[in-house]
> 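Submitted below is the structure of interest, expressed as structure tokens.
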Amino acid sequence: MDFMWIDILSYVKAFVVGGLFCVAGQILIDRTKLTTGRIMVLFLLIGIFLTAIGVYKPIVEFAGAGATVPIIGFGYALANGVIKEVGKEGLYGIMTGGLKATAGGIAAAICFGYIAALFSNPKSKG
């Protein structure tokens with residue numbers, strides 16, 4: 001019985017933290033003139049910065065997928081990959097670490113994007 005409550009609590013934490021990231025993004029969309037692309041880049045850079053200063057790892061440990069799935073979590077994965085690879089390979093790891101850490105996610109995005117394109121019916125805006 002205790003395990004069930006632990007699972008439910010982890011889902012709630014992931015939902016709340018992920019939802020707060022979404023709320024922040026929606027506020028930026030509604031209150032600023034930033035495009036969605038620029039907001040995504042901003043979140044990515046925030047994830048990298050928070051990882052570099054050691055703040056984001058406790059958030060990931062607390063919220064799990066609620067912190068790793070959004071685009072800010074992609075920045076966390078990039079930064080972690082670079083940090084680990086620099087420790088192993090030196091400065092060469094700056095170029096390879098992020099790619100090694102995120103290769104699976106990048107490949108999945110390309111594959112699923114291609115599959116979605118096969119089933120879509122694009123229309124010209126002209």
Side-chain angles (χ1 to χ4, degrees):
M1 185 88 167
D2 290 335
F3 291 113
M4 185 176 83
W5 285 112
I6 293 171
D7 287 344
I8 291 172
L9 184 60
S10 66
Y11 293 139
V12 169
K13 290 189 293 188
F15 178 78
V16 169
V17 172
L20 288 173
F21 291 141
C22 293
V23 166
Q26 191 64 48
I27 289 170
L28 287 172
I29 289 170
D30 292 344
R31 306 276 182 189
T32 68
K33 294 184 186 229
L34 291 172
T35 63
T36 54
R38 289 184 181 191
I39 293 170
M40 285 177 51
V41 170
L42 178 66
F43 277 4
L44 179 80
L45 293 175
I46 289 170
I48 291 169
F49 177 74
L50 291 178
T51 302
I53 64 171
V55 174
Y56 203 72
K57 185 172 183 168
I59 296 170
V60 169
E61 290 170 354
F62 174 77
T68 58
V69 172
I71 192 74
I72 196 168
F74 189 72
Y76 166 76
L78 281 171
N80 262 345
V82 169
I83 291 167
K84 288 178 185 174
E85 202 64 22
V86 166
K88 290 181 193 173
E89 302 289 330
L91 292 180
Y92 182 67
I94 292 172
M95 297 301 290
T96 61
L99 290 174
K100 285 182 181 180
T102 59
I106 293 169
I110 292 169
C111 290
F112 291 127
Y114 178 75
I115 291 169
L118 290 175
F119 294 103
S120 66
N121 186 15
K123 296 179 180 164
S124 176
K125 291 185 179 183

> Under the rule for salt bridge (Lys or Arg N to Asp or Glu O under 4.0 Å), what residues qualify as partners of Lys84, not counting sequence neighbours?
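Once residues adjacent in sequence are excluded, Lys84 has no partner under the salt bridge (Lys or Arg N to Asp or Glu O under 4.0 Å) criterion.
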> With a cutoff of under 4.5 Å between side-chain heavy atoms, which Ile, Leu, Val, Met, Phe, Trp and Tyr residues group with Ile115?
Phe112, Tyr114, Leu118, Phe119
> Rounded at 0.5 Å granularity, tell me how far CZ in Phe62 sits from OG in Ser10.
10.5 Å
> Search all heavy atoms of Phe21 against all heavy atoms of Pro70 and return the closest pair with its distance.
CD1-CG, 4.0 Å
> Is it true that the side chains of Asp7 and Tyr11 contain a donor and an acceptor less than 3.5 Å apart?
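Looking only at side-chain atoms, Tyr11 and Asp7 do not form any donor-acceptor pair under 3.5 Å.
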> CE/Met40 to OG1/Thr36 distance, rounded to the nearest 0.5 angstrom?
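It is 7.5 Å, given to the nearest 0.5 Å.
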> Under the rule for side-chain hydrogen bond (donor to acceptor under 3.5 Å, both in side chains), what residues qualify as partners of Gln26, not counting sequence neighbours?
Asp30
> Please list, chain by chain and in numerical order, all residues satisfying side-chain contact (heavy atoms from CB on, under 4.5 Å) with Val16, sequence neighbours excluded.
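Applying side-chain contact (heavy atoms from CB on, under 4.5 Å) to Val16 gives Val12, Leu20.
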> According to the salt bridge (charged side-chain N to carboxylate O under 4.0 Å, His left out) rule, which pairs have a member within residues 100-109, sequence neighbours left out?
Glu85-Lys100
> Linking directly or through intermediates, with side-chain heavy atoms under 4.5 Å: list the remaining ILVMFWY members grouped with Leu91, chain and number order.
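Val82, Val86, Ile94, which link up through side-chain heavy atoms under 4.5 Å apart, make up the rest of the cluster.
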> Who else is in Ile27's hydrophobic cluster (ILVMFWY, side-chain heavy atoms under 4.5 Å, direct or via others)?
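Listed partners: Val23.
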> CG/Leu78 to CG/Leu99 distance, rounded to the nearest 0.5 angstrom?
8.0 Å
> Write down the atom of Ala101, the atom of Gly81, and the distance for their closest heavy-atom approach.
CB-CA, 3.6 Å
> Which residues satisfy the side-chain contact (heavy atoms from CB on, under 4.5 Å) test with Ala77, sequence neighbours excluded?
Thr102
> Who are the side-chain contact (heavy atoms from CB on, under 4.5 Å) partners of Ile46, not counting sequence neighbours?
Leu42, Phe43, Leu50, Ile72
> With Phe49, which residues qualify under side-chain contact (heavy atoms from CB on, under 4.5 Å), at least two apart?
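Phe49 satisfies side-chain contact (heavy atoms from CB on, under 4.5 Å) with Ile53 once adjacent residues are dropped.
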> My understanding is that only residues two or more places apart in sequence, or in another chain, count here; which of them pass side-chain hydrogen bond (donor to acceptor under 3.5 Å, both in side chains) with Tyr56?
none
> Can you hop from Leu44 to Leu34 via hydrophobic side chains spaced under 4.5 Å?
yes
> If you look at every heavy atom in Gly25 and Ile39, which pair is closest and at what distance?
O-CD1, 4.3 Å
> Listing request: all salt bridge (charged side-chain N to carboxylate O under 4.0 Å, His left out) pairs with a residue in residues 38-47, at least two apart in sequence or in separate chains.
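Residue pairs with at least one partner in residues 38-47: there are none.
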> How long is the straight-line distance from OG1 of Thr51 back to CG of Asn80, given to the nearest 0.5 Å?
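One finds 6.0 Å between CG of Asn80 and OG1 of Thr51.
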